[in-house]
Undergrad: 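Mind having a look at this structure? Questions to follow.
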Amino acid sequence: MLPEFQLQWNWHEAPAGGRDELQATRADLRIAVGAETVTLIREPGAGRYREHVTGSLYPMAEWIAFNWWSLVADARPGTQISQLRFAYKYGVGDDRAAWWVRSRRHILRAACDGFRWPDMLFVPEGRETRIVWMPDMGPDVRPGDHFASRGNSCVESAAFTATLAAFVDAVADRLTGQGITDTPLQEEWAAIRSTDEEEAAFCRIAARLGLDPYSEAEPYEADIVKAAEQLPEPLAGDFFNGVRPERIADQLEWVARARTLMGTAPEGAAPARALVELREACADVSARFFAPGNLDNPWHLGYEVAHRVRAWAGLEDTQPFDPAPLMSYRTEQVPYLDRGLVALGTSRGAEGAALVSARRFTDRPRRFLQARALWHLICDTDDTFLIAAAHTHRQHVARGFALEVLAPARGIAALLSDPAHLVSAEDVELIADDYGCGNIVVEHQLDNLVLARDFAWPGPDRTGARGDGGRTA
């Protein structure tokens, strides 16, 4: 069960006859994610805290309205969370223009306007939205509240956006009730609320590309429309989450070339027997992933499929798994540096399952790529799929599967065998050699599962393992 994102406020009495939107919307505001209070503030004195911030809610509502499409659709900051979080650490922003633009659309502290907001980042990942918040630490001469809470959590995206919309509605209604009707917030929010579905679909695509749909998307409109017409969902979603806006046309051509390289299976051709068996073994997990409204942890789903695949292959947890025999592999390099789209795959190529990568990979990274592709071949409902650098729900499941199928956490724990000692770089290198995977695969499994559990699992059933999962692979 995912935690709930909560915004709770109590209005202050507005000054008589005032037409100042800041004064009219003063309130006490509590922000929480589940049981965690984000607006936990250290008060001067002997260890006293309060759970709300006091100030005008207008800047926050205006920030939400003007960055609405980015908050609901732009997953790109997911690849740069550790860097972006510092862009507004003290509310002043980063001097580099690209970073400033990127961060101001996702970091609440960018709302500023004289008020100090929590150091809080929002990144939509599809069905879920990731929320990361950090305490104010170290020397800081800026006036205002100092927040003490820390967290990294996912909430349901539909409920999250509904909460944001209700908050902006309340602030807009408060302004109207105070006789204020001509603010930028009210104008922008009215336009968003009246957006029809066709325009909203374009705005979401533009946001997936990292663009503001109103001020930055126009130069790419023709390419966006062409790609949307040629690519069905979910191929289109992965495509727009991965490509750079100026490379849409080039990458669309690359997809066409890759499809030609893979070819198409003859009419009536049956999938390889191994894939049929694996799909049957994982059918119940796949059904859960694609069920409407399912909010199972994507990493857990990936792990479950990985356990089924290793059981099908008859492997112990300490034995390596090679996905290469289950698909053909080719490289069709792009003539420029754009790492957003990684590979195109299909279960119905001319020679069966096929994968075409957009750049050359050495053996170990290629094995991780093929493992990601194998999840799609087993679980995806579509014949053709994209592997992208995006951090979205689909890509998270495939990454989690690849980590666990290549280097099971239980196997790593068994190979280390001595939890009393710190894990060394040599340990990681030896285990990576044993599994034939990259060091980073082992490191992520250590961080996300093995060390996080202190080498312990809740039960003896190897297919029932559960963990908090990670998001760093």
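Just so it is clear, the values below take in all heavy atoms, side chains as well, and ignore hydrogens, waters and symmetry mates.
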Undergrad: Scan for salt bridge (Lys or Arg N to Asp or Glu O under 4.0 Å) pairs involving residues 431-446, sequence neighbours excluded, and state none if there are none.
TA: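 Residue pairs passing salt bridge (Lys or Arg N to Asp or Glu O under 4.0 Å), neighbours aside: R364-D433.
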Undergrad: Within a strict 4.5 Å, meaning less than it, do heavy atoms of the L374 and F401 side chains meet?
TA: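 Side-chain contact under 4.5 Å: yes.
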Undergrad: Any side-chain donor-acceptor pair under 3.5 Å between S153 and R130?
TA: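 No.
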Undergrad: Before you tell me yes or no, could you show the steps for W69 and D74 under side-chain contact (heavy atoms from CB on, under 4.5 Å), namely the whole-Å CA-CA distance, both residues' side-chain angles and the distance that decides it to 0.1 Å?
TA: CA-CA 7 Å; W69 300 110; D74 178 15; over 6 Å; no
Undergrad: Can any side-chain N or O of T331 pair as donor or acceptor with the backbone N or O of Q333 at less than 3.5 Å?
TA: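 Such a contact is absent between T331 side chain and Q333 backbone.
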Undergrad: Take a 6.0 Å sphere around CD of E199 and say whether it holds more than 12 heavy atoms from other residues, nucleotides or ligands.
TA: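 Correct, the count exceeds 12.
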Undergrad: Which atom pair, heavy atoms only, marks the closest approach of V38 to F147?
TA: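 Taking V38 first and F147 second, the nearest heavy atoms are O-CD2, 4.0 Å.
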Undergrad: Could you tell me which residues satisfy ring pair (Phe, Tyr, Trp, His ring centres under 6.0 Å) with F361, sequence neighbours excluded, listed by chain and number?
TA: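 Not a single residue meets the ring pair (Phe, Tyr, Trp, His ring centres under 6.0 Å) criterion with F361.
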Undergrad: How would you list, by chain and number, every residue that makes a ring pair (Phe, Tyr, Trp, His ring centres under 6.0 Å) with W117, sequence neighbours excluded?
TA: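 Residues passing ring pair (Phe, Tyr, Trp, His ring centres under 6.0 Å) with W117: none at all.
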Undergrad: Would you please name every residue forming a ring pair (Phe, Tyr, Trp, His ring centres under 6.0 Å) with Y220, sequence neighbours left out?
TA: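 Y220 satisfies ring pair (Phe, Tyr, Trp, His ring centres under 6.0 Å) with no residue once adjacent residues are dropped.
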Undergrad: Please test V225 against D223 for side-chain contact (heavy atoms from CB on, under 4.5 Å), starting from the C-alpha separation and ending with a verdict.
TA: CA-CA 5 Å; V225 172; D223 288 339; over 6 Å; no
Undergrad: Please identify each residue that fulfils ring pair (Phe, Tyr, Trp, His ring centres under 6.0 Å) with F385, with sequence neighbours left out.
TA: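 For F385, the residues satisfying ring pair (Phe, Tyr, Trp, His ring centres under 6.0 Å) (neighbours in sequence not counted) are H376.
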Undergrad: Is there a donor-acceptor pair under 3.5 Å between the side chain of D212 and the backbone N or O of Y214?
TA: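 Judged by distance alone, yes, a pair lies under 3.5 Å.
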Undergrad: With a 4.5 Å cut-off on side-chain heavy atoms, are R394 and D380 touching?
TA: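 Answer yes - side chains close enough.
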Undergrad: Count the heavy atoms of every other residue, nucleotide or ligand shown that sit under 6.0 Å from CD of E198, and state whether that count exceeds 12.
TA: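 Atom CD in E198 is not packed in, count stays at 12 or less.
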Undergrad: Hey, does Y329 have a side-chain heavy atom less than 4.5 Å from the side chain of S357?
TA: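 The answer is yes; the side chains approach within 4.5 Å.
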Undergrad: Side chain to side chain contact (heavy atoms under 4.5 Å, CB included) with F202: which residues, sequence neighbours excluded?
TA: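 A217, E221, I224.
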Undergrad: Got a donor-acceptor contact below 3.5 angstrom from the S149 side chain to the L40 backbone?
TA: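 Checking the backbone N and O of L40 against the side chain of S149, no donor-acceptor pair under 3.5 Å is found.
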Undergrad: Can you run down the salt bridge (Lys or Arg N to Asp or Glu O under 4.0 Å) pairs that involve residues 258-272, sequence neighbours left out, and say none if there aren't any?
TA: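 Output for this query is empty, none listed.
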Undergrad: Would the distance check show the side chain of W254 and the main-chain N or O of E332 forming a donor-acceptor pair, the cut-off being under 3.5 Å?
TA: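 Yes.
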Undergrad: If we check ring pair (Phe, Tyr, Trp, His ring centres under 6.0 Å) with H396, which of these qualifies: F289, W375, W299?
TA: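 Exactly one option meets the ring pair (Phe, Tyr, Trp, His ring centres under 6.0 Å) with H396, and it is W299.
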Undergrad: Measuring from atom OG of S194 to atom CH2 of W189, what distance do you get when rounded to the nearest 0.5 angstrom?
TA: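 Those atoms lie 11.0 Å apart.
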Undergrad: Of the non-hydrogen atoms in R104 and W63, which two are nearest, and what is the gap between them?
TA: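 It is O-NE1, 2.6 Å.
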Undergrad: Under a 4.0 Å threshold between the charged nitrogen and the carboxylate oxygen, would R288 count as salt-bridged to E304?
TA: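 So E304 pairs with R288 through a salt bridge.
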Undergrad: Would you please test R310 and E316 for side-chain contact (heavy atoms from CB on, under 4.5 Å) and show each step?
TA: CA-CA 8 Å; R310 292 185 64 86; E316 298 296 328; 5.9 Å; no
Undergrad: Side chains of R308 and V285, heavy atoms from C-beta outward: is any pair under 4.5 Å?
TA: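 In contact.
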Undergrad: Which residues pass the side chain to side chain contact (heavy atoms under 4.5 Å, CB included) test with A274, sequence neighbours left out?
TA: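 Here the qualifying residues are W312, L326.
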Undergrad: Could you please spell out the steps behind the salt bridge (Lys or Arg N to Asp or Glu O under 4.0 Å) verdict for R105 and E216?
TA: CA-CA 14 Å; R105 293 174 181 164; E216 298 172 342; 2.8 Å; yes
Undergrad: Could you tell me whether D136 and R109 have a side-chain N and a carboxylate O separated by less than 4.0 Å?
TA: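 The answer is yes: the pair qualifies as a salt bridge.
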Undergrad: With side chains defined as the heavy atoms from C-beta onward, is the minimum distance between V405 and P323 less than 4.5 Å?
TA: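 V405 does not reach P323 side chain to side chain.
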Undergrad: Without swapping roles, check the side chain of R127 against the backbone of S157 for a donor-acceptor pair under 3.5 Å.
TA: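 No; zero donor-acceptor contacts below 3.5 Å.
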Undergrad: Compute whether any side-chain donor of one residue and acceptor of the other, for E404 and H307, lie under 3.5 angstrom apart.
TA: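 Distance-only check passes for E404 and H307.
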Undergrad: Could you give the distance from CG (D238) to CD1 (I387), rounded to the nearest 0.5 Å?
TA: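 These two atoms lie 9.5 Å from each other.
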Undergrad: Check whether any side-chain heavy atom of N241 lies under 4.5 Å from a side-chain heavy atom of R76, and answer yes or no.
TA: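 Result no, sub-4.5 Å side-chain heavy-atom pair not found.
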Undergrad: Do you know the tightest heavy-atom contact between L344 and V255?
TA: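 Scanning both residues, the minimum pair turns out to be CD2-O, 3.8 Å.
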Undergrad: Could you tell me which residues satisfy side chain to side chain contact (heavy atoms under 4.5 Å, CB included) with Q230, sequence neighbours excluded, listed by chain and number?
TA: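 Scan of Q230 (side chain to side chain contact (heavy atoms under 4.5 Å, CB included), adjacent residues dropped) gives K226, L252.
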Undergrad: Apply side-chain hydrogen bond (donor to acceptor under 3.5 Å, both in side chains) to Q6 and list each qualifying residue two or more places apart in sequence or on a separate chain.
TA: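 Q8.
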Undergrad: Quick one: closest heavy-atom pair of P124 and S70, and the distance?
TA: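 Minimum heavy-atom contact is CG-O, 3.8 Å.
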Undergrad: Looking only at non-hydrogen atoms, find the nearest pair between A409 and L449 and report the distance.
TA: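 The answer is CB-CD1, 3.6 Å.
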Undergrad: Would you please name every residue forming a side-chain hydrogen bond (donor to acceptor under 3.5 Å, both in side chains) with S286, sequence neighbours left out?
TA: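 Listed in chain order: nothing, the list is empty.
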Undergrad: Do F368 and V441 have side-chain heavy atoms sitting under 4.5 Å apart?
TA: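 The answer is yes; the side chains approach within 4.5 Å.
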Undergrad: Keeping the roles fixed (side chain from Q395, backbone from T392), state whether a donor-acceptor pair exists under 3.5 Å.
TA: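 Absent.
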Undergrad: Under 4.0 Å between a side-chain nitrogen and a carboxylate oxygen: does that hold for R204 and E197?
TA: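 The answer is yes: the pair qualifies as a salt bridge.
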Undergrad: Please round to the nearest 0.5 Å and tell me the distance separating atom CD1 of I31 and atom OG1 of T163.
TA: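 Answer for the CD1-OG1 pair, I31 versus T163, is 11.5 Å.
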Undergrad: Taking T346 for the side chain and R348 for the main chain, is one N or O donor matched with an acceptor at less than 3.5 Å?
TA: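 Side chain of T346 to backbone of R348, a donor-acceptor pair under 3.5 Å: yes, one is there.
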Undergrad: Are any of the side-chain nitrogens in R208 or E233 under 4.0 Å away from the carboxylate oxygens of its partner?
TA: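 Salt bridge flag = yes for E233 with R208.
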Undergrad: Tell me if a side-chain donor or acceptor on E429 pairs with a main-chain N or O of N439 at a distance below 3.5 Å.
TA: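 Looks like no, no N/O pair under 3.5 Å.
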Undergrad: Taking side chain to side chain contact (heavy atoms under 4.5 Å, CB included) as the definition, give me every residue that meets it alongside R273, ordered by chain and number, with sequence neighbours left out.
TA: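 Testing R273 for side chain to side chain contact (heavy atoms under 4.5 Å, CB included), a comparison that skips the adjacent residues, returns E277.
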Undergrad: What distance separates L403 CG from R372 CZ, expressed to the nearest 0.5 Å?
TA: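 Those atoms lie 9.5 Å apart.
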Undergrad: With the threshold set at 4.0 Å, does a side-chain nitrogen-carboxylate oxygen contact exist between R367 and D322?
TA: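 Looking at R367 and D322, the cut-off is met.
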Undergrad: Under 30°, 30 to 60°, or over 60°: which ring-plane class applies to F122 and F160, parallel, tilted or perpendicular?
TA: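 Taking F160 first and then F122, their aromatic rings sit tilted (interplane angle of 30° to 60°).
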Undergrad: Ignoring hydrogens and angles, tell me if any N or O in the side chain of S347 forms a donor-acceptor pair with the backbone of A353 under 3.5 Å.
TA: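 Such a contact is absent between S347 side chain and A353 backbone.
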Undergrad: Does atom CZ (R257) have a neighbourhood of more than 12 heavy atoms from anything else shown, all under 6.0 Å?
TA: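 It does: R257 CZ has more than 12 such atoms within range.
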Undergrad: Work out which heavy atom in V123 is nearest to a heavy atom in A75; give both atom names and the distance.
TA: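 Residues V123 and A75, closest heavy atoms: CG1-O, 3.8 Å.
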Undergrad: Do the side chain of D427 and the main chain of V423 share a donor and acceptor less than 3.5 angstrom apart?
TA: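 No, because the side chain of D427 does not come within donor-acceptor range (under 3.5 Å) of the backbone of V423.
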Undergrad: Flag the pair M134 / L121 as yes when at least one side-chain heavy-atom distance between them is below 4.5 Å, and no otherwise.
TA: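 Side chain of M134 against side chain of L121, heavy atoms only: no contact under 4.5 Å found.
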